[in-house]
Amino acid sequence: MNLQYKYLLDGTFHVDSRVWIYQSSRLFTINEALQIEEMMNLFIESWHSHGAPVKGAAHLFFGQFIILIADETATGVSGCSTDSSVRLIKEIEIKFGVNMFDWTTLAFAVRDKSDNYRVELLPMVQLQYAIDSSFISADTLFFNNIVQAKEELENSWIVPLKDSWLSKKISFAKSVS
């Protein structure tokens, strides 16, 4: 898996454009991904806020993360337009039998023996155990799905665990039994 995604983002969107990241409970199949791309394109074409079109974009990255972006310098996103984006994600959940709203499952980019990356999901309650057992380390790349702006998406979405908000919740020193 190639972790380069920034070049796919529209450079005409303001750096403060709002971002929403939804992580799937599993990798989508190619067929599902094609259907999701179509659903997202139709949504973006019809995304409005108080009757005005929203300058928006939607991406499916790494077969598992749906990212919605709204450039509010063009049109502000209201509660109703945000609700419509949530309805899209709920529709995807139902249609493909996935969970897109589980904020307690963390995603990491883990290297395999061939030096390729793959997404690994980990329940938050198992994070310290995974570190203590050397399944992940301070340098393991973490998908920081709480980023809220395009600039953060570009610079702080995939970061080493030690540089994330989670670093304050865990210890990187191996526990001694």
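Side chains included, hydrogens not; waters and symmetry mates left out as well; all remaining heavy atoms used.
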Do [X] and [Y] get their side chains close enough for a donor-acceptor pair, meaning under 3.5 Å?
X	Y	answer
D71	T73	yes
N116	S114	no
S137	D139	no
D132	Q128	yes

For I136 and L127: C-alpha separation, side-chain torsions, deciding distance, then whether side chain to side chain contact (heavy atoms under 4.5 Å, CB included) applies. CA-CA 9 Å; I136 59 174; L127 180 60; 3.5 Å; yes

Measure the [atom1]-[atom2] distance between [X] and [Y] for me, rounded to the nearest 0.5 Å.
X	Y	atom1	atom2	value
I92	E32	CD1	CD	10.5 Å
I89	M100	CD1	CE	5.0 Å
T105	Q126	OG1	CD	9.5 Å
I36	F43	CD1	CZ	14.5 Å
E45	M40	CD	CE	12.0 Å
Q148	E151	CD	CD	13.5 Å

Show your reasoning for whether side-chain hydrogen bond (donor to acceptor under 3.5 Å, both in side chains) applies to T104 and D102. CA-CA 5 Å; T104 65; D102 179 1; 2.6 Å; yes

Determine, for R118 against E120, whether the closest basic-nitrogen to carboxylate-oxygen distance falls under 4.0 angstrom. yes

Salt bridge check: are E152 and R18 linked by an N-O gap of less than 4.0 Å? no

Is the Lys NZ or Arg CZ of K162 less than 6.0 Å from the centre of F172's six-membered ring, within 45° of the axis? no

Using atom types as modelled, flag every donor-acceptor pair under 3.5 Å from a side chain in residues 58-66 to any protein atom, sequence neighbours excluded.
| residue | atom | partner | partner atom | Å |
| --- | --- | --- | --- | --- |
| Q64 | NE2 | S24 | O | 3.2 |

Which class fits the ring pair F96 and F28: parallel under 30°, tilted 30 to 60°, perpendicular over 60°? perpendicular

Classify the ring geometry of Y5 against W157: parallel below 30°, tilted from 30° to 60°, perpendicular beyond 60°. perpendicular

Suppose we screen for side-chain contact (heavy atoms from CB on, under 4.5 Å). Which residues come up paired with E91, at least two apart in sequence or across chains? M39

Does the pair L106 and F142 meet the rule for a side chain to side chain contact (heavy atoms under 4.5 Å, CB included), with working shown? CA-CA 8 Å; L106 308 172; F142 169 63; 4.0 Å; yes

